[in-house]
A.B. asks: 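The structure under discussion is supplied below as structure tokens; questions concerning it will follow.
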Amino acid sequence: MTDDLNDRPPVHALLTDGSTVCIRPALPSDHEQLQGLYEEMSPENLRLRFFAASRRSAASAADRACGTARPGYRALLAEANGGVIGLAEYDTGGEKDGAEIAITVADGLHHRGVGTLLVEHLISAARAEGITTFTADALSENHEVLRLFTDLGLRTARRFEGPEVHCTICLDEDDTYLSAVEARGRSADVASLEPLLRPTVVAVVGAGRRPGSVGRAVLHQLHTGGFRRRLFAVNPSVTSVLGVPSHPTVAALPRTPDLVIVAVPAAAVPSVAQECGRAGVRALVVVTAGLDHSQAQALLTACRTHGMRLVGPNCLGISNTDPELNLDATFAARHPRPGSAGVAVQSGGVGIALLEGLSRLGIGVSSFVSLGDKYDVSGNDMLQWWESDGRTDMALLHLESFGNPRAFSRTARRVTRRIPVLTVDAGRTDAGRKAAASHTAAAATRTMTRGALFTQAGITATRSVGELLEAAALLHSQPLPRGRRVAIVTNAGGAGVLAADACAEAGLALPAFTPAVVDELRGVLPDGAALGNPVDATAAVSEEQLTECVDRLTECSAIDAVVVTLVPTAVAAATGDDLTRALTGAPGRRARPVAAVRLEQDLPVCLLPAADGATIPSYAEPQAAARALAHAADRAAWLARPAGVVPDLDGLETERARTVAEEYLAAHPDGGRLDPRPCADLLTCYGIPQIPWAWAETEEDAVLVAEQLRGFDGRVVMKAHWPGLLHKSQQHAVHLDLRGDSQVRAAFRDLDTRFAGLMTGVVVQPLAARGTELFAGVVQDEVFGPLVLFGLGGTATEVLADHAARLAPLTDRDVHELITSPRCAPLLLGADGSAPVDLGGLEQLLLRLSRMAVDLPQLAEADFNPVLATPGGVTVLDARVRLLPRRAKDPYLRRLR
């Protein structure tokens, strides 16, 4: 055991069958249980484990796992229902980079993923200790353990030595390994949600006789919703509630429920949870609100101890509209309409609004989960459920918080390739947030961080429930546009102008029609029609003419979508034409998306029934139609882009960088900003190009180093330094364009006089050549991990706020988008007639900055401003780095919240 066992608290994770185990370090008090684990193994399994059916080997193994802590040794055990069911251990044997591993799983529990889960956790611990390879010896007939090694997703080499196989496992974390972990986690996650979302027996605890009680309301919804399986109430005072059989306790029920809805006062929730766990219940939905900290902890402990999945507390409930189930365990006013949208929300009010909106649109709901305070089941769980349920073709999320954003992002990137994932971007502002000290921290708002997560994951982020429903209506009913080129058709010129403004404001383009298209439209529209874009078909347009016009435009290769803006006219009424039928009468869906805008429409958005069961989205405002089309175009563009890979980088000195960080924190236990020398050393470890510089503490030293660093035209720059100095320009602590010894001396004296008692020395650099001043930085978000920022630099970087951000680790795709997203991007590409800057060098700088942030959890903040970009290269002119005493946390390790 290592010296930091107590720093790694127990965690709970899921096995392949969805049951829960606790993974924790082995302790001396576990000796008796571990000895029993080995003693209960069959002679054959003992032989496969120890190469001999010896009970003495088993005793020695228990002694080793529970013995005195020693460097290079770690033992993790799996515990379920209070008993040890597995052990995995490694021992470096004094080696620096490698360790030998061994795995033991209790008889009767093989093929449930116990060993694989233990090894995954052992791998994570080993990586944190700098171990790069595992070795293991196994008998060639031990097919189970050999298959375990092969299926890990890591590079494994085998060498046969007589009856034994020597395995070497490389612990590099690449996409292959992460995808294998994801696949195992997804299978276990979905299995664990079966009792929650496909229960065969449901009970409601707290369903009283009082009509206004929440428990009674939930029971009413279950009963009237036509739940097709067994339903019970738990109430000690009655034998029936709403015609549903009632029993005094969960233990007294004739069948053990898969799912229990808990609607009792907060003080009673922990004891009900314990009773459910002891009875063998597999899932809880706690609608009760107002739990204090101790009650909350007791609830979660009961769920983890007994392996129950938990929704809530403080939630609206759950539903699954599968016609074979009809589960509506909510206290919403109406039953959700069956359909194809999966919905997960933290706010019950938002949940009701989405249920009502989706029902009104006719999209309906496949399953709905009100996450509430989200102690356990999360949006990540639900994405994996919808990915595999066979009924969901769209996911709608309202998440106020993220437990593991990096794992959520990987899941969402995969799911979003298959179905649209939409969210309301809640909590965009940081009311009362104090101004941050550095450029990086000032730029890294919560809005930007969440935006980076959603952008990288391909999630459609909207700003309100209304906008979410607008986008959902179009994505549900129409094909994706191939681009952002829109044609507008109207029967009233003013309405067309409003639509044109809305499209332009949403970032959509209105291209001019080619002469051939104009001729086509002239042939089908009435005389006097304006054939630009927008097309004013005039009030005289007939239903047939409008149909032909829309059909021609949806077949035009230069158009990606069509917006038809209609107003009711007396002309159409007199002729009996229904212009709406021009949109809905076409058989099936057109090749390109069509959206209607009807300014007289009462509802903000609705779906018009069309031929062959198709629908057309209709909006009351052109802005809503334009927003929805812009979201659809963004999704199409995201799907068309390659997924991106994290490139390999050469010339990295990761171990040396860790040493720099550790040495600084050993001298500064509370953390702080690096002095110029260690800061430069850290950048050098990652191959980040810096302008030459020298340190001087006296006037004579400054003159000497300035002579050595004479730059362009013989000029140098002098910057004062003292611990805590951030913005040198604002403090007037910089002298530029110094020529000759006399100016260097005068500059030093000035700084030394004005900052007496503060200044510890000066940094002298050659004056840089002309170029574009940029900004690059990273900040470690406590929840989201490292966020890399990029944009226009210099003294006005915070005023102009021209920044883009992406979460690390950056892929090649992320880097491209970082560089092209800020408004200053055309300057980098040479749009003003000058040569483009060194884009390859800029990409490398951002990739290396990202890698540094991922490698060093202690890196709280890095600020490169300015970064000088020229056609000949990219150079950091000024860098600030802040370290804090933090430990690495594996974001992809399988564990429950």
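Values below: all heavy atoms of this structure, side chains included; hydrogens, waters and symmetry mates excluded.
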A.B. asks: Is it true that Glu817 and Arg813 make a salt bridge, defined as a side-chain N closer than 4.0 Å to a carboxylate O?
C.D. replies: yes
A.B. asks: Sequence neighbours left out, what passes salt bridge (Lys or Arg N to Asp or Glu O under 4.0 Å) with Arg198? Give chain and number order.
C.D. replies: Glu194
A.B. asks: Hey, is the main chain of Ala332 close enough, under 3.5 Å, to the side chain of Gln221 for a donor-acceptor pair?
C.D. replies: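 Judged by distance alone, yes, a pair lies under 3.5 Å.
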A.B. asks: Determine the minimum heavy-atom distance between Ser477 and Thr615, stating which atoms define it.
C.D. replies: CB-OG1, 3.1 Å
A.B. asks: Does this structure show an ion pair linking Glu548 with Arg552, if we count only N-O contacts that are shorter than 4.0 Å?
C.D. replies: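 Yes, Glu548 and Arg552 are salt-bridged.
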A.B. asks: Hey, are Asn533 and Arg485 close enough side-chain-wise for a donor-acceptor pair under 3.5 Å?
C.D. replies: no
A.B. asks: side-chain contact (heavy atoms from CB on, under 4.5 Å), that's the test. Do Leu566 and Leu546 meet it? Break it down for me.
C.D. replies: CA-CA 11 Å; Leu566 300 175; Leu546 186 59; 3.8 Å; yes
A.B. asks: Would you please test Val563 and Thr490 for side-chain contact (heavy atoms from CB on, under 4.5 Å) and show each step?
C.D. replies: CA-CA 8 Å; Val563 175; Thr490 183; over 6 Å; no
A.B. asks: Any salt bridge linking Asp189 with Arg186? Criterion: basic side-chain nitrogen under 4.0 Å from a carboxylate oxygen.
C.D. replies: no
A.B. asks: Which value, rounded to the nearest 0.5 Å, describes the distance between Ser821 atom OG and His816 atom NE2?
C.D. replies: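 Rounded to the nearest 0.5 Å, the OG-NE2 separation comes out at 8.5 Å.
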A.B. asks: Donor-acceptor pair, distance only, cut-off 3.5 Å: does the side chain of Asn491 make one with the backbone of Ala537?
C.D. replies: no
A.B. asks: Do you know the tightest heavy-atom contact between Ile363 and Ala472?
C.D. replies: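 In this case the closest contact between Ile363 and Ala472 is CD1-O, 3.9 Å.
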A.B. asks: Verify side chain to side chain donor-acceptor pair (under 3.5 Å) between Asn320 and Arg391, making sure each step is shown before the conclusion.
C.D. replies: CA-CA 10 Å; Asn320 184 343; Arg391 299 178 59 237; 3.1 Å; yes
A.B. asks: When you compare the side chain of Leu422 with that of His631, does any pair of heavy atoms fall below 4.5 Å?
C.D. replies: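 Not in contact.
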A.B. asks: Is there side-chain contact between Thr411 and Gln384, with heavy atoms separated by less than 4.5 Å?
C.D. replies: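 Answer yes - side chains close enough.
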A.B. asks: Do His398 and Val343 have side-chain heavy atoms sitting under 4.5 Å apart?
C.D. replies: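 Side-chain contact under 4.5 Å: no.
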A.B. asks: Closest heavy-atom contact between Thr321 and Gly339?
C.D. replies: OG1-N, 3.9 Å
A.B. asks: Does some side-chain heavy atom of Leu396 sit less than 4.5 Å from a side-chain heavy atom of Val424?
C.D. replies: no
A.B. asks: With rounding to the nearest 0.5 angstrom, report the CD to CG distance, Glu520 to Asp551.
C.D. replies: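 Output value for this atom pair is 11.0 Å.
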A.B. asks: Using the salt bridge (Lys or Arg N to Asp or Glu O under 4.0 Å) rule, take Arg334 and Glu356 through it: C-alpha gap first, then chi angles, then the decisive distance, then the call.
C.D. replies: CA-CA 8 Å; Arg334 284 177 284 275; Glu356 294 284 344; 2.8 Å; yes
A.B. asks: With a 3.5 Å distance limit and no angle check, can you tell me whether Arg228 reaches the backbone of Pro323 through a side-chain donor-acceptor pair?
C.D. replies: yes
A.B. asks: Would a 4.5 Å heavy-atom cut-off, applied to side chains only, mark Arg592 and Val562 as touching?
C.D. replies: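 With C-beta onward as the side chain, the pair stays apart.
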A.B. asks: Side chain of Asp328, backbone of Ser319: donor and acceptor closer than 3.5 Å?
C.D. replies: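 Side chain of Asp328 to backbone of Ser319, a donor-acceptor pair under 3.5 Å: no, none is there.
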A.B. asks: Could you state the interatomic distance from CG (Asp578) to OG (Ser542), rounded to the nearest 0.5 Å?
C.D. replies: 12.0 Å
A.B. asks: May I ask you to decide if Leu810's main-chain N or O and Ser850's side chain share a donor-acceptor pair within less than 3.5 Å?
C.D. replies: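 Checking the backbone N and O of Leu810 against the side chain of Ser850, a donor-acceptor pair under 3.5 Å is found.
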A.B. asks: To the nearest 0.5 Å, what is the distance between CG on Leu608 and OG1 on Thr584?
C.D. replies: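 With rounding to 0.5 Å, CG (Leu608) is 6.5 Å from OG1 (Thr584).
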A.B. asks: Is it the case that the side chains of Thr811 and Arg806 hold a donor-acceptor pair, with the cut-off being a distance below 3.5 Å and no angle test?
C.D. replies: no
A.B. asks: Please give me the minimum heavy-atom distance between Phe513 and Val518, naming the atom from each residue.
C.D. replies: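 What the structure gives for the nearest pair is CB-CG2, 3.8 Å.
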A.B. asks: Step by step, would you call Phe790 with Leu842 a side-chain contact (heavy atoms from CB on, under 4.5 Å)?
C.D. replies: CA-CA 10 Å; Phe790 171 75; Leu842 200 50; 3.8 Å; yes
A.B. asks: Show the nearest heavy-atom pair for residues Val646 and Pro809, with the distance to one decimal.
C.D. replies: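 Answer, listing the atom of Val646 first, then Pro809: CG2-CB, 4.2 Å.
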A.B. asks: Nearest 0.5 Å please: distance from the CD atom of Glu470 over to the CZ atom of Arg627.
C.D. replies: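 One finds 4.5 Å between CD of Glu470 and CZ of Arg627.
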A.B. asks: Is the backbone of Leu453 close enough, under 3.5 Å, to the side chain of Ser409 for a donor and an acceptor to pair up by distance?
C.D. replies: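 Side chain of Ser409 to backbone of Leu453: no pair is present.
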A.B. asks: Check whether any side-chain N or O of Thr423 sits under 3.5 Å from a backbone N or O of Asp425 as a donor-acceptor pair, and report yes or no.
C.D. replies: no
A.B. asks: Quick check on Glu324: does its CD atom have over 12 non-hydrogen neighbours (other residues, nucleotides or ligands) under 6.0 Å away?
C.D. replies: no
A.B. asks: Sub-3.5 Å donor-acceptor pair from the side chain of Asp560 to the main-chain atoms of Pro481, do we have one?
C.D. replies: no
A.B. asks: Would you say that Trp638 contacts Gln456 through its side chain, given a criterion of any heavy-atom pair below 4.5 Å between the two side chains?
C.D. replies: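 Answer no - side chains too far apart.
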A.B. asks: Can you confirm whether more than 12 heavy atoms, excluding those of Arg418, are under 6.0 Å from its CZ atom?
C.D. replies: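 Atom CZ in Arg418 is not packed in, count stays at 12 or less.
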A.B. asks: Between Glu400 (side chain only) and Gln346 (backbone N and O only), is there a donor and an acceptor less than 3.5 Å apart?
C.D. replies: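 No; zero donor-acceptor contacts below 3.5 Å.
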A.B. asks: Can you check whether Ser378's main-chain N or O pairs, donor with acceptor, with Asp381's side chain at less than 3.5 Å?
C.D. replies: yes
A.B. asks: Can you tell me how far the CG atom of Leu316 sits from the CG atom of Leu355, to the nearest 0.5 Å?
C.D. replies: 7.0 Å
A.B. asks: For Arg482, does the CZ atom sit with more than 12 other heavy atoms under 6.0 Å from it, leaving out its own atoms?
C.D. replies: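 At most 12 heavy atoms, drawn from other residues, nucleotides or ligands, come within 6.0 Å of this atom.
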A.B. asks: Might you work through the side-chain contact (heavy atoms from CB on, under 4.5 Å) test for Ser340 and His476, ending with a clear yes or no?
C.D. replies: CA-CA 9 Å; Ser340 59; His476 172 78; 3.9 Å; yes
A.B. asks: Would you say Leu807 and Arg406 make side-chain contact, with heavy atoms under 4.5 Å?
C.D. replies: no
A.B. asks: Taking C-beta and beyond as the side chain, do Trp385 and Val377 meet within less than 4.5 Å on heavy atoms?
C.D. replies: no
A.B. asks: Does either side chain, that of Ser618 or that of Arg598, offer a donor lying less than 3.5 Å from an acceptor on the other one?
C.D. replies: yes
A.B. asks: Give me the atom names and distance for the closest heavy-atom approach of Gly379 to Leu371.
C.D. replies: N-CD1, 3.8 Å
